[in-house]
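All remarks here apply to the structure that follows.
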Number of protein chains: 2
Amino acid sequence: MALTEICADCAVRDRALCGSLDNGELAALNTIGQRRHVARGQAVAWAGDEAVICGNLLSGVLKLVAATADGREQIVGLLYPADFFGTPFSGQTDFTIVALTDAELCIFPRAAFERMLADYRRMERLLLQRTFESLNEARGRMLVLARKSAGEKVAGFLLDMAARAGEAGCHSSPDGPVTFDLPLTRGQIADVLGMTIETVSRQLTRMKMSGLIGLPGGRAVTISDREALAARAEAA
Amino acid sequence: MALTEICADCAVRDRALCGSLDNGELAALNTIGQRRHVARGQAVAWAGDEAVICGNLLSGVLKLVAATADGREQIVGLLYPADFFGTPFSGQTDFTIVALTDAELCIFPRAAFERMLADYRRMERLLLQRTFESLNEARGRMLVLARKSAGEKVAGFLLDMAARAGEAGCHSSPDGPVTFDLPLTRGQIADVLGMTIETVSRQLTRMKMSGLIGLPGGRAVTISDREALAARAEAA
DNA sequence: CGGACCCTTGAGCACGATCAATGTACGTGG
DNA sequence: CCACGTACATTGATCGTGCTCAAGGGTCCG
């Protein structure tokens, strides 16, 4: 199956980096890329290993994990469909990438991808822009991790997830109750926010008691009072 | 004074982004760049403002600051000579940039700089690589901020600063006591590490008591036992 | 000498981590 | 179909790190 055909039916065709390529260029991409499926929990890359691949995420969610020598973990980034992963020009990967859900990837050998960047300037430019965005996001997260309280962290996280769920499904109800499923377990939320599973749980129940949110069960969350939730995300 | 002359005597000529340009290209750069001096404490850019300039740091140290609505601050990055600052392709700056010491900048209008990137591919490539490095550093810092104890944070910070001081002066004494001046006040260290001024001070005196370091006075620090300090930077 | 700024040290407290028990949902095999 | 195992979530009790508030000392400069 030629990649051009694959690309034609690619779920993220217009949003991924390769959206900047025309059909002829996709044919070239064809020769070096391939699809791969990873199961939930499976690692895509290990911190410390040589960086041999990079690519785009087609479906599912990946986490980027940093860890201390003694096993403490911190999720330093989440990857959603159309996101690029891997570190071109870098000898080794600094972070472990693990699939949080079953996921589908479109991967390239790093060296070949770097040559491609040289050939397709629009793609390199796009990658530069995205990298700046990631950098800004990471820095913003540093403020959250270091200076925000548990309540602020969880409230802000819920708003982020609601925004992401909204832009996907786009039920377009700007206010009023919105319900969606969190793609993460409590433990993973804790890993993202730099807290413990118990504190996340307690904060969620507190917000339920205050009427800010509803917890219908499973991973579902209902934003009942977006205003108040936003206030809690900023309050000291 | 032509910029080419300026560039010729530029302190960071071989280390900055523009090190990738030849003399003819520097002449072009000449037409859009200019030097600027900023005093200690003075801001170079404000978070939320439109991003109009970017450039290279020639001398001094700058901080990149994120802040909450109610005034809590976090330093999300430090800039040293030869570092690039600013966010090309982004409408507004997300972080405030302030000079920690008197500093000298080489600044460009953002739009003009973006056009330059299009003309000089080596520079764009270099910027992409540097941005990836910054991203990795920011993510590594997320782990520190969220998961490390006060002692680990301070120990790791001292080692970082020692490494930086070493590569500048390069007294090349790999082991054995090394003495250098911290470029930051206790308060600024606290802002970098996500803690309070008091906790930083207490940790430093603890390390002095343990014989890991010496505090000769002023901003000076002596690394007496690098091994033990490194152990404390990793220990739980 | 006075004031500004930075640093150190102490006492007390609060937030969130830790330890522990129980509850809930789901899938598997007897 | 129910018993069981696993993984995830909730809730409680207790503890400790690091923040807060407060006082005092050092250094530099006008």
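In the text below, chain A, chain B and the rest are named by the order of the sequence lines, each starting its count at 1.
The NZ atom of Lys153(A) sits 11 Å away from the C1' atom of dC15(C) (whole-angstrom rounding). Rounded to whole angstrom, the span from the CG atom of Leu204(A) across to the P atom of dC8(D) amounts to 16 Å. One can place CZ of Arg206(B) at 11 Å from C1' of dT17(D), the figure rounded to the nearest angstrom. Atom C1' of nucleotide dC26(C) and atom CZ of Arg40(A) are separated by 12 Å, given to the nearest angstrom. Regarding Gln188(A), its CD atom lies at a distance of 14 Å from the P atom of dA7(D), rounded to whole Å. Rounded to a whole Å, the CG atom of Leu100(B) is 15 Å from the C1' atom of dC6(C). One can place CG of Leu193(A) at 12 Å from P of dG16(C), the figure rounded to the nearest angstrom. Here dG16(C) presents its P atom at 9 Å from CD of Glu152(A), a figure rounded to the nearest Å.
Less than 4.0 Å separates DNA chain D from no heavy atom of any residue of residues 212-225 of chain B.
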(message) Counting primed atoms plus P, OP1 and OP2 as sugar-phosphate and everything else as base, spell out the protein contacts along nucleotides 19-30 of chain D at 4.0 Å heavy-atom distance: B, S or - for each nucleotide, 5' to 3'.
(response) SBB---------
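Among dA9(D), dG16(C), dC8(D), the nucleotide with an atom closest to any side-chain atom of Ser201(A) is dA9(D). Closest contact between the side chain of Arg186(B) and the listed nucleotides dG18(D), dC8(D), dT8(C) involves dT8(C). Side chain of Ala150(B), nearest nucleotide from dG18(D), dC8(D), dG16(C): dG18(D).
Here OH of Tyr80(A) is found 14.0 Å from OG of Ser59(A). Values are rounded to the nearest 0.5 Å. To the nearest 0.5 Å, atoms CG (Leu100(A)) and CG (Leu184(A)) are separated by 6.0 Å.
If you look at Phe132(A) and Phe132(B), their ring centroids are not closer than 6.0 Å.
Looking only at side-chain heavy atoms (C-beta outward), Val44(B) and Val98(B) stay at 4.5 Å or farther from each other. Residues Glu227(A) and Arg232(A) form no side-chain contact, since every pair of their non-hydrogen atoms from C-beta on lies 4.5 Å or further apart.
Residues in residues 90-107 of chain B take part in these side chain to side chain donor-acceptor pair (under 3.5 Å) pairs, two or more places apart or across chains: Asn136(A)-Asp94(B).
The phosphate of dT17(D) (OP1 or OP2) has no side-chain N or O of Ser149(B) nearer than 4.0 angstrom.
With salt bridges taken as basic N to acidic carboxylate O contacts below 4.0 Å, one links Asp191(A) and Arg147(B). Ion pairing between a basic and an acidic side chain is recognised when a charged N comes within 4.0 Å of a carboxylate O; Glu198(A) and Arg202(A) show no such pairing.
Shown are Thr179(A), Leu204(A), Leu215(A); of these, the side-chain contact (heavy atoms from CB on, under 4.5 Å) with Val221(A) is made only by Leu215(A).
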